[in-house]
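Below is one structure, written out as structure tokens; the observations come after it.
For clarity, every value in this text was computed on a predicted model and none was experimentally measured. Every number for a ligand or one of its atoms is a count from 1 in the order of the listing.
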Amino acid sequence: MKLTYYGHSVFVIQNNNFTGIVDPFIKGNSSCSQSLDDIPKLTHIFVTHGHGDHIGDTVELAKRDDALVICNAEIGRYLANQGVKVHTMHIGGRTKFDFGKIKMTPALHGSGIQIGDKTYDGGNPGGFLFYLNDKVIYHAGDTGLAMDMKLLADENVDIALLPIGGNYTMDIDDAVKAVEFIQPNLVVPMHYNTFDVIKADVNEFKEKVKNTEVKIINFSDSIEV
Ligand code: NI
Ligand code: MN
């Protein structure tokens, strides 16, 4: 299984015939030098919440690849109106797909979908647990630190993808606490340095995390998991 980071909260997970992207914010992502043409052919797109830096290029990519978008019911309604194929779930729901299982997790954040000067209801923000090939990957989405994360220790998370940039989400110190709650085997920091207001020193995060390996994935690099 391969995990590729495109900066911000954008990850591509490839496992056998499954190629899923999470929060495909490619155009306008200052930490991603890639264009949509560099994104591999997708089978699935996962959207954690409705903000522009997460819903991103979902519509264009979903139509390009005829990919199925998995997201909450409110974002799903918005995307279906754009002609996109969706499978809607909600917080706490766990579903078996042909590629593995998915569970939606809560996030402390907002989810409004801003289009021009209109805001559409994006429901509740969330994150995803991916159960793939005997591995469990947790993508937290945008979230503050939450006691609910203690429940994730029971999910035997192999890789936790956690925001560290502060201002809109957990900062470094809160993400360190989240790692203690979740107890993953490996943690990958995300959602930092894209904008001035979320600048964070990843090496400081790496130094502060104890008892868990921290893997800093450079933008557009991959790791085998
Ligand atoms: Ni957000
Ligand atoms: Mn964000």
Side-chain angles (χ1 to χ4, degrees), residues 3-13 20-34 36 39 45-62 69-79 88-91 104-130 137-146 148-149 160-175 178-179 182 187-202 205 216-217 219-220:
L3 184 68
T4 307
Y5 185 43
Y6 288 92
H8 208 55
S9 300
V10 190
F11 288 86
V12 169
I13 305 169
I21 195 168
V22 188
D23 289 351
F25 173 48
I26 310 297
K27 289 187 206 158
N29 178 352
S30 66
S31 61
C32 175
S33 55
Q34 258 69 7
L36 293 189
I39 303 299
I45 300 174
F46 298 83
V47 180
T48 62
H49 65 289
H51 292 163
D53 58 321
H54 296 264
I55 210 166
D57 304 299
T58 295
V59 172
E60 194 169 337
L61 285 169
V69 181
I70 298 176
C71 58
N72 75 24
E74 291 80 6
I75 294 171
R77 188 161 51 226
Y78 169 79
L79 292 173
T88 60
M89 299 179 61
H90 239 302
I91 310 294
M104 279 199 78
T105 55
L108 290 178
H109 198 65
S111 187
I113 303 167
Q114 186 94 35
I115 304 292
D117 57 2
K118 282 207 172 79
T119 302
Y120 298 88
D121 176 18
N124 287 314
F128 291 101
L129 280 164
F130 298 83
I137 300 175
Y138 169 56
H139 188 297
D142 278 1
T143 185
L145 181 66
D148 288 2
M149 289 174 178
L161 314 174
L162 301 181
I164 66 161
N167 193 70
Y168 303 111
T169 69
M170 298 189 285
D171 60 9
I172 287 173
D173 289 332
D174 280 358
V179 174
I182 301 162
V187 59
V188 177
M190 65 175 182
H191 210 270
Y192 63 94
N193 289 1
T194 322
F195 320 119
D196 281 345
V197 78
I198 62 169
K199 280 222 182 314
D201 177 358
V202 270
F205 177 66
I216 298 164
I217 310 181
F219 302 149
S220 80

Contact check: [X] to the Mn ion (ligand 2), N/O/S below 2.8 Å:
{"X": "D23", "result": "no"}
{"X": "H109", "result": "no"}
{"X": "H191", "result": "yes"}

So which N/O/S atom does [X] have closest to the Mn ion (ligand 2)?
{"X": "H54", "answer": "NE2"}
{"X": "D142", "answer": "OD2"}
{"X": "D53", "answer": "OD2"}

Donor-acceptor under 3.5 Å ([X] side chain, [Y] main chain):
{"X": "S111", "Y": "G50", "result": "yes"}
{"X": "D174", "Y": "G144", "result": "no"}
{"X": "D23", "Y": "F11", "result": "no"}
{"X": "T105", "Y": "G127", "result": "yes"}
{"X": "T119", "Y": "Q114", "result": "no"}

> In terms of side-chain heavy atoms, does H8 have a donor or acceptor partner in D53 at a distance below 3.5 Å?
Replying inline: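 A donor-acceptor contact under 3.5 Å links the two side chains.
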
> Hey, is the Ni ion (ligand 1) within less than 2.8 Å of some N/O/S atom on H51?
Replying inline: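 Yes, H51 qualifies, because one of its backbone or side-chain N, O or S atoms lies under 2.8 Å.
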
> What do you reckon, are the aromatic ring centroids of F205 and Y192 less than 6.0 Å apart?
Replying inline: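 Ring centroids of F205 and Y192 are no less than 6.0 Å from each other.
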
> To the nearest 10°, how many degrees is the angle H109 NE2 to the Ni ion (ligand 1) to H49 NE2?
Replying inline: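 Here the angle at the metal atom is close to 100°, to 10°.
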
> the Ni ion (ligand 1) is nearest to which N, O or S atom of D142?
Replying inline: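 Sorting the N, O and S atoms of D142 by distance to the Ni ion (ligand 1) puts OD2 first.
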
